[in-house]
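Worksheet for the structure shown next.
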There are 2 protein chains.
Amino acid sequence: VTVSELGERALLARVIARLPRPAADVLVGPGDDAAVIAPGRNSRLVVTTDALVEGVHFSRRWCSPGDIGHKALAVNLSDLAAMGAKPRWALVSLAIPGAWAVSEIDALVDGLSEAARRFGVSVVGGNLTRSPAGLTVDVTAGGEVASRRWIARSGGRPGDELWVSGTIGGPAAALGALVEGGRSMVEAAGEHLAGVPALGAGLARHRRPEPRVRLGLALARNRAARAAMDLSDGLADAVRQVAAASGCGATICASALPIDAAARDWWMGRGQDAVVEALTGGDDYELLAAVPARWAGRLRAVRRQVADPALTRIGVLTRHPSIVLERRGGREVIPGGYEHFAS
Amino acid sequence: VTVSELGERALLARVIARLPRPAADVLVGPGDDAAVIAPGRNSRLVVTTDALVEGVHFSRRWCSPGDIGHKALAVNLSDLAAMGAKPRWALVSLAIPGAWAVSEIDALVDGLSEAARRFGVSVVGGNLTRSPAGLTVDVTAGGEVASRRWIARSGGRPGDELWVSGTIGGPAAALGALVEGGRSMVEAAGEHLAGVPALGAGLARHRRPEPRVRLGLALARNRAARAAMDLSDGLADAVRQVAAASGCGATICASALPIDAAARDWWMGRGQDAVVEALTGGDDYELLAAVPARWAGRLRAVRRQVADPALTRIGVLTRHPSIVLERRGGREVIPGGYEHFAS
């Protein structure tokens, strides 16, 4: 049954029926003109929106409908995590080509619902419309953070150390291998990802990125970061944005970067600059945090509370406004991040 | 300069610079991972999202970029008004074809900003991405309402009178005339809209619908409505939805319907059933409210506070679950509303 054949009302009822039950503080949930949520005392609402557009952010060749649903929510939760907020609710706006099978929309909603359940997010409403071209999934997420505990991009000061979570470059290398190899989603899901099976972990993170919600919460609750941002458009972009918003520059140490080992091997085997590729590739949903050296104790508390992902010190915010990469004893200007409008 | 040529960062800076300054309770505004807003004491956050998709909700032939920006916000404010909420903030997610001129995006943002200013809405963030096909504008709006004062669709009871604001059918008739006449936006903006200049008011409402924010607030503050909904998909659809959510049926009186006079003339001149067209046409951003007869005093208070638009009594909620149109002494089953996936 296609979306066109089923019709909007029946599709909406079907979508709502598949969503997890909203939390007790959701006073009006999906199906009304808007949702009503009672935030707790002394807490702050944090809201963000991010869209996934077919042909721009994902390809159906290597992302299943369930992957797309998961990712559409996860990229928003990653933004909330970067503010130190606890995710609470989401609105989901779908623009769907009429020829999509209803079972594919079911799978998309299931992928999103699974992520919502895992992170305690109530889907409180949304919107369905027809798309004349590809699928667009636009999610708005709301969260809470205690007064004066949120972490903006602009809080950094010269001398603050820059820390990044997890590894970088894995998803970008896996996508590069897929585009080059022209593998279908089914083939890519198997053992031999363009001849580099180790890139499978990066592909899994492209499909189902893990938002660093617990880490963001721990950074905020322990007051362990003065500024933070997620890496959706790459580490180079995040460093540039945090530095600019904080009125600083930054120096990054190439040898300290936690580049995914399989990604590094794949790029080096092709004669590419693994450091530049990993810095600019994007699609890493890790967190970048600016932490004064004297807050080391707070950061240790965070690391005790959240052992995974690991945190790596990669550089420092500087008084001088340029963004510099130190490697092989020299200094280079750091390359830019992913630009959605680049042609 | 096209969007592709300018690039994402420069476009984002340009968009943010054109937005009105956020209100004092917006603690973190556009440009960070998410926005932070401090809601007032004892108030409830109300959130909604609605998208405008090129080729589905609007045509650039008769909507300017400024119209599209206005409407993308207005349709969301209409949803908040239907809950009785005071609009406070919005997130704006734009998916833009790379070939659009930057000046067109400026005009779109200006149209949205003008509406935001007029209704006291802070644009607190959003998202920009490239679209491989047409323009999509996805807005999420948040508002506040006092505890236990919001108006859901489901609050109606058998015997409640149904009231509708303003007139219906004007935008649908104007669009019909435009599609038939094949007029360009520029021609249509002039005096001779497909030979029916009186439809110009309906076209203006299609382009720049007026969300009934003051009316919705007055209904909530005076506790004058037990259920309410906006008419975005037509009055027939709204009656059906309010009745179904309230576990009721409804009877509507055809002769009481406030059909736009020029629209009625245009449909009748073409041998069409003006009542059916006006009930099902959609694109009316008026409010439907269910009001017990004994609350007449409260409704009079609302009408004293908000003289424009007028309110018209059009029918009643019934114990029997069917949706009935009474006219010419007979009873008909009421036709359905606009379906976005209808092929």
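Residue numbering restarts at 1 for every chain, and letters A, B, ... go by the order of the sequence lines. Nothing here was measured: the structure is a model prediction, and the numbers come from that model.
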Query raised in the report: How many angstroms lie between CD1 in A:I37 and CG in B:L45, if you round to the nearest 0.5 Å?
Result: 5.0 Å
**Report entry** Check: A:V56 and B:P132 side chains under 4.5 Å, non-hydrogen atoms
**Finding:** yes
Report summary line: Of B:V47, B:T48, B:D138, B:D50, the one forming a side chain to side chain contact (heavy atoms under 4.5 Å, CB included) with A:L91 is B:V47
Query raised in the report: Quick one: of B:S78, B:G142, B:G126, B:S154, who has the most non-hydrogen atom pairs under 4.5 Å with chain A?
Result: B:G126
Report summary line: In terms of heavy-atom pairs under 4.5 Å with chain A, the winner among B:A152, B:G125, B:A245 is B:A152
Query - Interchain contact, A:E144 with chain B, by part (heavy-atom threshold 4.5 Å) - result: neither
Query - Side chain, backbone, both or neither of A:A228 within contact of chain B (heavy atoms, under 4.5 Å) - result: backbone
Requested in this report: Identify which part of B:T49 has an atom lying under 4.5 Å from any heavy atom of chain A, answering side chain, backbone, both or neither.
Outcome: both
**Report entry** Residues of residues 81-89 of chain B within contact distance of chain A, non-hydrogen under 4.5 Å
**Finding:** B:A82, B:M83, B:W89
**Report entry** B:V53 versus chain A, the contacting section by heavy-atom distance below 4.5 Å
**Finding:** side chain
Query raised in the report: Where does A:L80 contact chain B at under 4.5 Å (heavy atoms): side chain, backbone, both or neither?
Result: side chain
Query raised in the report: Take atom CZ in A:R149; do more than 12 heavy atoms of anything else shown fall under 6.0 Å from it?
Result: yes
